[in-house]
Number of protein chains: 2
Amino acid sequence: MKRKVTLKQIAKELDVSISTVSKALRNSIEISEDTRQKVQAFAKLYNYKPNNIALSLKNKKTKTIGIIIPEIVHHFFATVISGIEQVANENGYNVIVCLSDESFDKEVINMEMLANGSTDGFIMSLSKETQQKKDFHHIQEVINQGMPVVMFDRVTNDVLCDKVIIDDQLAAYDAVDFLVRQGFKNIGLVTTVDYVSVGKLRTEGYVNALNDHDLPINDNIIVKIEDIDNCAAKIEAMLQNNKPDAIFAVNELFAVTTIKLANKMGLKVPEDISVIGFTDGIISQFSTPTITTVSQNGIKMGGRAAKMLIERLEMEEEEDGNEQYRTELIDTHLVHRESTSTL
Amino acid sequence: MKRKVTLKQIAKELDVSISTVSKALRNSIEISEDTRQKVQAFAKLYNYKPNNIALSLKNKKTKTIGIIIPEIVHHFFATVISGIEQVANENGYNVIVCLSDESFDKEVINMEMLANGSTDGFIMSLSKETQQKKDFHHIQEVINQGMPVVMFDRVTNDVLCDKVIIDDQLAAYDAVDFLVRQGFKNIGLVTTVDYVSVGKLRTEGYVNALNDHDLPINDNIIVKIEDIDNCAAKIEAMLQNNKPDAIFAVNELFAVTTIKLANKMGLKVPEDISVIGFTDGIISQFSTPTITTVSQNGIKMGGRAAKMLIERLEMEEEEDGNEQYRTELIDTHLVHRESTSTL
DNA sequence: TGGGTTAGCGACAACGTTTTCGTGTTGAAA
DNA sequence: TTTCAACACGAAAACGTTGTCGCTAACCCA
């Protein structure tokens, strides 16, 4: 087992100073051609690579991006990470991933851990609990310390920083508008509880679309789900009692669950009831029927977030006077599949 | 913007030496009660936290685990990361994730990047290209430098290190055995090309099960898929020409694809043909029909891998004479769902 | 008063880099 | 022979820690 070789060892071996080795390896003209060659050959032989930690300490830069998300076993978040990782890698950055498990405390702990020098900046999506508590001091603190933060998807207006989101309200509006134009009049909604920002916005889009078409908002066909595992009864009751002709679900899990429950009750999708979901993930693509859905390009979102963060990191070099935070919108569109029909 | 405070700043402010501050914060008995209190109060006020990078450099330990996997937008790998992250976090480790995109070169580059001080060890699953090339020098090198490596799922015998796998062959055997016992006699196989280690093993399990039941191996009902996007024709032809009464697919994507193609041809699952997949992911759970599958607990796998790595890291403290590499088997079982029937 | 102990603290090295600022040697010009 | 530049290199500081060692003053006991 040969441990990694350091400048010091090379210096000792070649009987020159550490500085000389360092300079020789960086092709400084200060060093004679002879010495340079000798040092470089030796370094190559022993496969010398500078120690990242030492470089980080010296440069006060880690070239590492901290990602904090609620969970990773979730197609959308996985695609976002994928997008981040790609752009990060292209720019010489690594990503260090922490999961909050939707817990406020874990989110705080993770941020504090990474903020102590481990990363240059953060890309994050808020945990449910954080959104509920509306406590963002940990994020604000990190920003105050001069570390840039980019939030995506689940964001808050209470923190000033760069953000990457889709226009949830508009996307939901378009989906519901599409249903209305197809002739549906009794369109149900399966959504989250209100403190989840994206759920709330999508619900607003649903409401606005119905309003604009002079359709009534019927609370009986709106189901707000807190816990996915115990939602069946509520959805079934809604389907049973109010016979909606279409459903807009604010994520694909809700959509597929609704479809399955409908099937169980003898309703055929899309013949008896049409369903539109949100997020173009694995489920929408492979369920039977395949699900018409609002695509939400996670790769693109992650890529953009990474780009924004890196730009800000490299910009800081000069002067950090311009605190012009941006919010970028990633476009969405409806992916038409089998779960919707015309009447 | 108040940058992070350092020992030096505290020392200056309180007019004591850096060592005194350091010791006071660590509650050294060398320091008087008075000074300790004063320093600790000041540190708390300014929210002092030791700089991780400096600690890493000093201790020659980063408390970081490098994960290198082919892709993250893949339910199984996401669950493994989740499992790793959890155990890592519990033990004070962070995880830094790199994706090889199934590319040998990216795998090498990522390893070399992280090996230069960024991580204490690796948990990895081989890229397809690496498995095909059988070139593992980058892994061997890292091990030679004294960094422990744990491989999972896609492993190789050519590298000596800890491994966490399922018994792919046995799991496949059990699945096919189950089909045979249900009365199926013409069982097709949808598998990967041979260089993918897990595909190969699962194929062997299929062959062994049929052999043990004295059933013939019929190459006409075995489809080896290289590229998922262009596999439809081959599968359809197999279904059409050979009328298998059951199919064993080596992953869930192949399973759901087969089901969809069967449906398209007018075959009902499970009435006309039964299907068993591999990996209990989102697709198997939510497709219609839900898919009977070999469960492969990614969370557990990741957790075990993390545990093995951390144990080795903390063990190294003492003496690294005992190179007793272990291979842990994670148990699998068949999850019975709608895609299989008795004859 | 002298010797020894101890409490309380600071100096310094070390981890592995990079970079600035010397410094000694050479050769050439004056 | 003197002067000066150019060349080739080394010493040292800095990044933020921790821990070893040494130092000073106070105190105790004889």
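Residue numbers begin at 1 in each chain, while the letters A, B, ... track the order of the sequences. As a basis for the values below, the full set of heavy atoms in this structure was taken, side chains included, without hydrogen atoms, waters or symmetry mates.
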Determine whether a donor-acceptor pair (N or O, by modelled atom type, separation under 3.5 Å) exists between the side chain of [X] and the backbone of [Y].
X        : Y        : answer
B/Glu107 : B/Ser127 : yes
A/Gln132 : A/Tyr195 : no
B/Ser125 : B/Phe152 : yes

Take atom [atom1] of [X] and atom [atom2] of [N], then tell me their distance rounded to the nearest Å.
X        : N      : atom1 : atom2 : result
B/Lys38  : C/dG8  : NZ    : C1'   : 12 Å
B/Lys4   : D/dG16 : NZ    : P     : 12 Å
A/Glu30  : D/dC7  : CD    : P     : 11 Å
B/Lys60  : D/dT18 : NZ    : P     : 17 Å
B/Tyr48  : D/dG16 : OH    : C1'   : 7 Å
B/Gln145 : C/dG16 : CD    : P     : 14 Å
B/Asn52  : D/dT18 : CG    : P     : 11 Å
B/Ile18  : D/dA13 : CD1   : P     : 14 Å

Counting the atoms with a prime plus P, OP1 and OP2 as sugar-phosphate, which does [X] contact under 4.0 Å by heavy atoms, base, sugar-phosphate, or nothing?
X       : answer
B/Lys58 : base
B/Leu7  : base
B/Lys49 : sugar-phosphate

Do [X] and [N] share a donor-acceptor pair, side chain to base, under 3.5 Å?
X       : N      : value
B/Ser19 : C/dA11 : yes
A/Lys8  : C/dT17 : no
B/Lys23 : C/dG10 : yes

Check whether any side-chain N or O of [X] sits under 4.0 Å from OP1 or OP2 of [N], and answer yes or no.
X       : N      : answer
A/Ser56 : C/dT17 : no
A/Lys61 : D/dC15 : no
A/Ser22 : C/dT19 : no
B/Ser32 : C/dC9  : yes

Indicate yes or no: does [X] engage [Y] in a salt bridge with an N to O separation below 4.0 Å.
X        : Y        : value
A/Glu102 : A/Arg154 : yes
B/Lys307 : B/Glu328 : no
A/Asp162 : A/Arg312 : yes

*In terms of the nearest nucleotide of DNA chain C, which residue is placed more toward the 5' end: B/Ala54 or B/Val16?*
B/Val16
*Take B/Glu33 and A/Leu57, find for each the nucleotide of DNA chain C with the closest heavy atom, and name the residue whose nucleotide sits nearer the 5' end.*
B/Glu33
*Between D/dG19, C/dG10, C/dG16, which one does the side chain of B/Ser17 approach most closely?*
C/dG10
